[in-house]
There are 2 protein chains.
Amino acid sequence: MRLALDEARRAAQLGEVPVGAVVTRGGELLAATHNRRELDLDPTAHAEMLAMRLAAGRLGAWRLTGCVLYVTIEPCPMCAGAAVLARLARVVYGASDPKAGACGTLMDLVRDPRLNHQIEVVPGVLAAECGEVMREFFDGRRTERRGG
Amino acid sequence: MRLALDEARRAAQLGEVPVGAVVTRGGELLAATHNRRELDLDPTAHAEMLAMRLAAGRLGAWRLTGCVLYVTIEPCPMCAGAAVLARLARVVYGASDPKAGACGTLMDLVRDPRLNHQIEVVPGVLAAECGEVMREFFDGRRTERRGG
C-alpha cells in the first residue's frame, strides 16, 4: 500500500485525482500505476484498471488468478466489475468511498454471489493517509479556483 | 445496432465471445469495435470499453456527453460503471444478460440515483439476432469440445 500511496502522490503532481494502485502475485510486483484519466483523455483510465491491464500484459493472460490489487481508495463500480472479470483473489483498499465505493460501502459488487467470481476484501489499510492525499488535492483545487 | 451486430460477428470469427459495440454522437459514428479479451489478453477489453475509449480518443475528451452506446448484449457491471463515468446520454442494447446484465436485468447501475450520473436505457433492440449470434458461438464451442 505504501507503493500505491507513492503512485497516488505522483498522480496529484500531474493534476490527476490522486489514486494509486498496485497488483502483486505471490509477493511479486506485477504493476504499479495511478489514475491517468486527464492525461490519457480516457474515462476508463482509473488506477485499478490500468494496473490490472499492466499485470495481465506482464502475465500474458487476462485471468489474474491469485493476484492481489492494492488501491488507495475503494474501487468504483467499473473497477470492482473489472476485478471480478479478472478473477482477482483479493482487493486491499485504503479509504472508503461513500459516493461510489463498490467493495462494501455504497454497494458490494466483488462479493455479489450472483456473479461468477467473488473476491476477498481487506478495507481500511492506511486509510487515513490515503484519504488525506485526496483531501489535500481537492482542498488545493478549491483554493486555486478562489484565486488563493 | 446493425453495425454492432456486424462487429459481433467479426468477433466470433476471431474466436472472441461475440459482442459488438458502437458509439455515436448526433448521428456521427465515433467508434465501432468488438470484444477483444483473448486477442489483447486484457480482462477489461469488452466491446463497450474499447468503443468508449476509441470515442474519447476521437473527441479528445474523456466526457462522452451526448453520446449513445449501442451494444449487442446488455453491459456487465464494469461496462455499465464505465458508461456512468463517461457521462453517456443513452445505452441501447440488444439481448438481456440474466447472468451479469447491469442495465436493468441483474442490477441497474446506469440508473442508480446514488451515482453522479444517470443514463437512459433502450433495451431489446434486435434482441433475437443479438442473442442468436451468442448462442451460435457457444453451441459451436460445445460441438468443438465434443470433437464434433
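We name chains A, B, ... by the order of the sequence lines, and we start the count at 1 in each one. Note that the coordinates shown come from a computational prediction; the quantities given were computed from them, not determined experimentally.
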For this session: Tell me, out of B/Met78, B/Met49, B/Met52, who's got the most heavy-atom pairs with chain A below 4.5 Å.
Result: B/Met78

For this session: Quick one: closest heavy-atom pair of B/Leu41 and A/Gly60, and the distance?
Result: CD1-O, 3.4 Å

Problem set entry | Single-linkage hydrophobic cluster, 4.5 Å side-chain cutoff, A/Val92 and A/Leu29 together | yes

Exercise. Taking every heavy-atom pair that is under 4.5 Å apart, which of A/Val84, A/Leu106, A/Leu85 has the most such pairs with chain B?
Worked result: A/Leu106

Exercise. With the 4.5 Å side-chain cut-off for hydrophobic clustering, are B/Val110 and B/Met1 part of the same group?
Worked result: no

Exercise. Should B/Ile119 and B/Leu30 be counted in the same cluster of Ile, Leu, Val, Met, Phe, Trp and Tyr side chains packed under 4.5 Å apart?
Worked result: yes

Exercise. Do B/Val133 and B/Leu126 belong to the same hydrophobic cluster, where Ile, Leu, Val, Met, Phe, Trp and Tyr are linked whenever their side-chain heavy atoms lie under 4.5 Å apart, directly or via other members?
Worked result: yes

Exercise. Does A/Val17 belong to the same Ile/Leu/Val/Met/Phe/Trp/Tyr cluster as A/Leu69, with side-chain heavy atoms less than 4.5 Å apart forming each link?
Worked result: yes

Problem set entry | B/Ala61 portion near chain A, given a 4.5 angstrom heavy-atom threshold | backbone

Problem set entry | Partner chain A: residue of B/Ala86, B/Pro77, B/Ala83, B/Cys76 with the largest heavy-atom pair count (under 4.5 Å) | B/Pro77

Heavy-atom donor-acceptor pairs under 3.5 Å, chain A with chain B:
unit_1	atom_1	unit_2	atom_2	d
A/Glu38	OE1	B/Trp62	NE1	3.3
A/Glu38	OE2	B/Trp62	NE1	3.1
A/Asp42	OD2	B/Arg53	NE	3.1
A/Arg53	NE	B/Asp42	OD2	3.2
A/Trp62	NE1	B/Glu38	OE1	3.3
A/Trp62	NE1	B/Glu38	OE2	3.1
A/Leu106	O	B/Arg114	NH1	2.8
A/Arg114	NH1	B/Leu106	O	2.8

